[in-house]
Amino acid sequence: MADLLGSILSSMEKPPSLGDQETRRKAREQAARLKKLQEQEKQQKVEFRKREVSDFIQDSGQIKKKFQPMNKIERSILHDVVEVAGLTSFSFGEDDDCRYVMIFKKEFAPSDEELDSYRRGEEWDPQKAEEKRKLKELAQRQEEEAAQQGPVVVSPASDYKDKYSHLIGKGAAKDAAHMLQANKTYGCVPVANKRDTRSIEEAMNEIRAKKRLRQSGEELPPTS
């Protein structure tokens, strides 16, 4: 039993010495001073942002203001100041280190197209945006007018019968469109014009007779 109690007591931490207590006290004082400095720095940043926002409000020539990239805490401070001042603010940028804040006066709040331009990292050009909007509206009106008119019927500028009437005559134009005559030069020759009017059997018999005569060496009779 004594050995077990001694083992438990030995495993327990010893009470802090005077030196340890002094070290902990100094650490707490240092943490308190650091926190106080951080609060003071934050308050200074708040006052600085208030002056910047106030100057922006008083400047009638400015409708928006872009700030340099800042960390998350600084952006949060600026957003709070802007909200209290009655303005509008947005953060842009992909990476946290590159994100920046833009503030706008309420009466000049950005449109969705302008915000999309900033999100893409592009500069906003109101003139180009207006031209693009007008072209879009024009294309939409043209589509609506085309839909109301219905499908377009395409008709030829002239009738082919009138075009070739000087060659075939006006009366024959309609008949010529339905009559097809084969060209003899392409092999479509009528049976009456063919030279060889024999049947297949007669032609084969004549070929066999010629072959026998060649083999016997006899003189071939003239063909009709």
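Under the side chain to side chain donor-acceptor pair (under 3.5 Å) criterion, N205 pairs with R208, sequence neighbours left out. For R33, the salt bridge (Lys or Arg N to Asp or Glu O under 4.0 Å) test picks out no residue, with sequence neighbours left out. Remark: E122 engages R120 in a salt bridge (Lys or Arg N to Asp or Glu O under 4.0 Å) (not counting sequence neighbours). By the salt bridge (Lys or Arg N to Asp or Glu O under 4.0 Å) test, R133 is found to be paired with E130, E137, residues two or more places apart in sequence or in another chain being considered.
Contact detail for D97 and P69: the closest heavy-atom pair is O-CB, 3.6 Å. Listed here is the closest heavy atom pair of F104 and L87: O-CB, 3.5 Å. For the residue pair S91 and V101, the shortest heavy atom distance occurs at OG-CG2, 3.7 Å.
V81 and M70 end up in the same hydrophobic cluster when Ile, Leu, Val, Met, Phe, Trp and Tyr side chains are linked at under 4.5 Å. Hydrophobic clustering (ILVMFWY, side-chain heavy atoms < 4.5 Å, transitive): I63 and F56 are in distinct clusters. Linking Ile, Leu, Val, Met, Phe, Trp and Tyr whenever their side-chain heavy atoms come within less than 4.5 Å puts F90 and Y100 in one cluster. Placement of F108 and Y118 in two distinct hydrophobic clusters is found when ILVMFWY residues are connected by side-chain heavy-atom separations under 4.5 Å, directly or transitively. V46 and I57 end up in the same hydrophobic cluster when Ile, Leu, Val, Met, Phe, Trp and Tyr side chains are linked at under 4.5 Å.
Looking at heavy atoms from C-beta onward, F92 lies in side-chain contact with R119 at the 4.5 angstrom threshold. Side-chain contact check for Q30 versus L34: every heavy-atom pair is 4.5 Å or farther apart.
Salt bridge E29/R25: present, at least one basic N to carboxylate O contact under 4.0 Å. Using a cutoff of 4.0 Å between basic side-chain nitrogens and carboxylate oxygens, K210 and E206 are scored as salt-bridged.
Atom-to-atom distance recorded for R28:CZ and K26:NZ is 12.5 Å, nearest 0.5 angstrom. The CZ atom of R99 lies 8.0 Å from the CD atom of E94; values are rounded to the nearest 0.5 Å. Here CD1 of I77 is found 11.0 Å from CD of Q44. Values are rounded to the nearest 0.5 Å. In this structure, CD in E145 is found 11.0 Å from CD in E143, a value given to the nearest 0.5 Å. The distance from atom NZ of K132 to atom CG of D125, rounded to the nearest 0.5 Å, is 11.5 Å.
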Any chance you could lay out the side chain to side chain contact (heavy atoms under 4.5 Å, CB included) test for S54 and Q58, step after step, and finish with the verdict? CA-CA 6 Å; S54 178; Q58 294 176 8; 3.5 Å; yes

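Sorted by first and then second residue, the salt bridge (Lys or Arg N to Asp or Glu O under 4.0 Å) pairs involving residues 69-91 (not counting sequence neighbours) are K45-E74, R75-D96. For residues 100-115, the salt bridge (Lys or Arg N to Asp or Glu O under 4.0 Å) pairs, not counting sequence neighbours, are K64-E114.
The one candidate from E52, R49, K65 that meets the side chain to side chain contact (heavy atoms under 4.5 Å, CB included) condition with I103 is K65.
Inspection of the E47 and Q43 side chains reveals an N or O donor paired with an N or O acceptor under 3.5 Å.
Around the CD atom of Q40, the shell of radius 6.0 Å holds more than 12 heavy atoms that belong to other residues, nucleotides or ligands.
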